[in-house]
Amino acid sequence: MSMQLLLFQVLNGLGIGMIYFLLSVGLTLIFGLMRFVNFAHGAFYLVAAYIAYALTLWSGSLWLSLLVAPLAVAALAMLVERVLLRHTYRMPHEAQILITFAIALLMQELVIVVFGPLGQNVPVPGALSGIVFLGPYVYPAYRLFVVAIAALVAVALWLVVEKTKLGSVLRAGSESAEMVGLLGINVDRVFMATFALGGALAGLAGVLFAPIRGVEPFMSAEALGIAFVVIVVGGLGTLSGALVGGLLIGLVQSIMSTLWPEGAQLMIYAAMALVILARPAGLLGRF
């Protein structure tokens, strides 16, 4: 592998890793606060990607989708949580998995009914369709844009979690939701807001990734698998763990797609297995 190709793959890995961070951070926040196993998380990513596809066909640009799709998916996540999932919080994890898996299959089938079973391409915005020179190297402008947006979201989430009252509630709730409730805080509303935030972040990941990989009705299963790998590698319930896990898995996948294309997907799970063997709670997880 030449140095230029290696650098290109590292930059690719950073871009993909930041998308994986957006995809998984909502899932880890939901689990960390609510101890809820959400197998419908990949479906929110799927719905947002198809909203981006539909709006791009209608408006001719992806820009509108960056605002509309995450908000629409946040509303959908809130609706699902209020109507169905809030009744399952005290159920065993097995029941939560079955219910959310059924929701994911329903959303997948609805996407097939509306858009058909075949994959579609989503064009990159014209302003970001070129390349950027990084010294002697070139890199697609859109992928740098993805890294920048995801980095801004990561900083904003860190500020919310570490510097605001809501963040204090989230951190306290991850330790003991009952204690937070005894302090007079409406835990039910906090759960609803957390679920909506997780859906919005998955939706943003779906919009940003749509021009890179296209859209197809079965992409939610792949996204869900990646999200769980990331949070296992980084550590359940931690914002920094989702970031480190996303970047690590993105780099492994990108570099191995050049060194061993047939085994790139396999190496993601091999990396997860190595992390579990060395540190069962994840790289930044709490024992």
Side-chain angles (χ1 to χ4, degrees), residues 12 15-27 38-80 100-101 103-131 140-150 152-153 196-227 230 246 250 253-254 257 265:
N12 267 345
I16 295 172
M18 292 304 285
I19 292 176
Y20 289 168
F21 161 71
L22 291 176
L23 177 63
S24 60
V25 68
L27 188 62
N38 180 24
F39 268 56
H41 196 73
F44 298 142
Y45 165 88
L46 167 70
V47 170
Y50 268 92
I51 290 175
Y53 166 69
L55 287 177
T56 302
L57 282 182
W58 173 70
S59 66
S61 175
L62 187 73
W63 298 113
L64 184 62
S65 307
L66 287 171
L67 176 64
V68 173
L71 292 177
V73 172
L76 175 62
M78 190 181 301
L79 177 65
V80 170
T100 53
F101 186 67
I103 293 170
L105 289 178
L106 176 62
M107 290 185 186
Q108 176 181 291
E109 293 306 311
L110 286 175
V111 165
I112 292 174
V113 169
V114 175
F115 295 100
L118 301 179
Q120 304 290 341
N121 292 321
V122 178
V124 173
L128 298 173
S129 60
I131 58 174
Y142 179 75
R143 289 181 180 253
L144 285 180
F145 169 76
V146 168
V147 173
I149 291 294
L152 287 174
V153 172
L197 176 61
L201 292 169
L204 180 59
V207 175
L208 291 173
F209 211 20
I212 296 175
R213 77 172 306 281
V215 296
E216 49 92 9
F218 308 102
M219 62 194 292
S220 62
E222 176 189 353
L224 182 65
I226 291 292
V230 168
Q253 184 180 33
S254 180
S257 66
Q265 200 72 12

request  = With sequence neighbours left out, write down each residue that passes salt bridge (charged side-chain N to carboxylate O under 4.0 Å, His left out) with E222, or none if nothing qualifies.
outcome  =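 Once residues adjacent in sequence are excluded, the partners of E222 under the salt bridge (charged side-chain N to carboxylate O under 4.0 Å, His left out) criterion are R213.
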query = Which one of I19, N12, I16 satisfies the side-chain contact (heavy atoms from CB on, under 4.5 Å) criterion with I212?
reply =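 Looking at I19, N12, I16, the match for I212 under the side-chain contact (heavy atoms from CB on, under 4.5 Å) is I19.
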task = For the pair M107 and L76, evaluate side-chain contact (heavy atoms from CB on, under 4.5 Å) and give the outcome as yes or no after the intermediate values.
result = CA-CA 11 Å; M107 290 185 186; L76 175 62; 3.9 Å; yes
As an exercise, state the distance from [atom1] of [X] to [atom2] of [Y], rounded to the nearest 0.5 Å.
X: L64; Y: W58; atom1: CG; atom2: CH2; value: 6.0 Å
X: L66; Y: L71; atom1: CG; atom2: CG; value: 11.0 Å
X: L204; Y: S65; atom1: CG; atom2: OG; value: 11.0 Å

task = Applying side chain to side chain contact (heavy atoms under 4.5 Å, CB included), name anything that partners S59, two or more places apart in sequence or on another chain.
result =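 S59: side chain to side chain contact (heavy atoms under 4.5 Å, CB included) contacts with S61.
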task = For V122, check side chain to side chain contact (heavy atoms under 4.5 Å, CB included) against everything at least two apart and list the hits.
result =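 Checked V122 against side chain to side chain contact (heavy atoms under 4.5 Å, CB included); matches are Y53, T56, L62, A210, P211, V215.
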request  = Would you check if L197 and M78 make a side-chain contact, meaning some heavy-atom pair closer than 4.5 Å?
outcome  =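 They are not in contact (no side-chain heavy atoms under 4.5 Å apart), so the answer is no.
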message = A side-chain contact here means heavy atoms from C-beta on lying under 4.5 Å apart; do P125 and W63 qualify?
response =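 A side-chain contact exists here, since the closest heavy-atom pair is under 4.5 Å.
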Under 3.5 Å, side-chain donor or acceptor atoms of residues 41-52 against the rest of the protein: list the pairs with distances, not counting sequence neighbours.
from	atom 1	to	atom 2	distance (Å)
H41	NE2	L23	O	2.7

Please find the pair of heavy atoms, one from [X] and one from [Y], that lie closest to each other, and give the distance.
X: V146; Y: G15; value: CG1-O, 4.0 Å
X: L27; Y: N38; value: CD1-O, 3.6 Å
X: G199; Y: A77; value: CA-CB, 4.1 Å
X: A74; Y: A196; value: CB-O, 3.5 Å
X: A150; Y: M18; value: CB-CB, 3.4 Å
X: P217; Y: P117; value: CD-O, 3.6 Å

request  = Could I get the full list of ring-ring contact (aromatic ring centres under 6.0 Å, His included) partners for F209, not counting sequence neighbours?
outcome  =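 None.
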message = Strictly by side chain to side chain donor-acceptor pair (under 3.5 Å), give each pair with a member in residues 122-131 just once, sequence neighbours left out.
response =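 Residue pairs with at least one partner in residues 122-131: there are none.
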key: More than 12 heavy atoms of other groups within 6.0 Å of F145 CZ   =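 Buried by this count: over 12 neighbours within 6.0 Å.
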request  = Show the numbers, then the answer: is there a side-chain contact (heavy atoms from CB on, under 4.5 Å) between Q265 and I226?
outcome  = CA-CA 10 Å; Q265 200 72 12; I226 291 292; 4.1 Å; yes
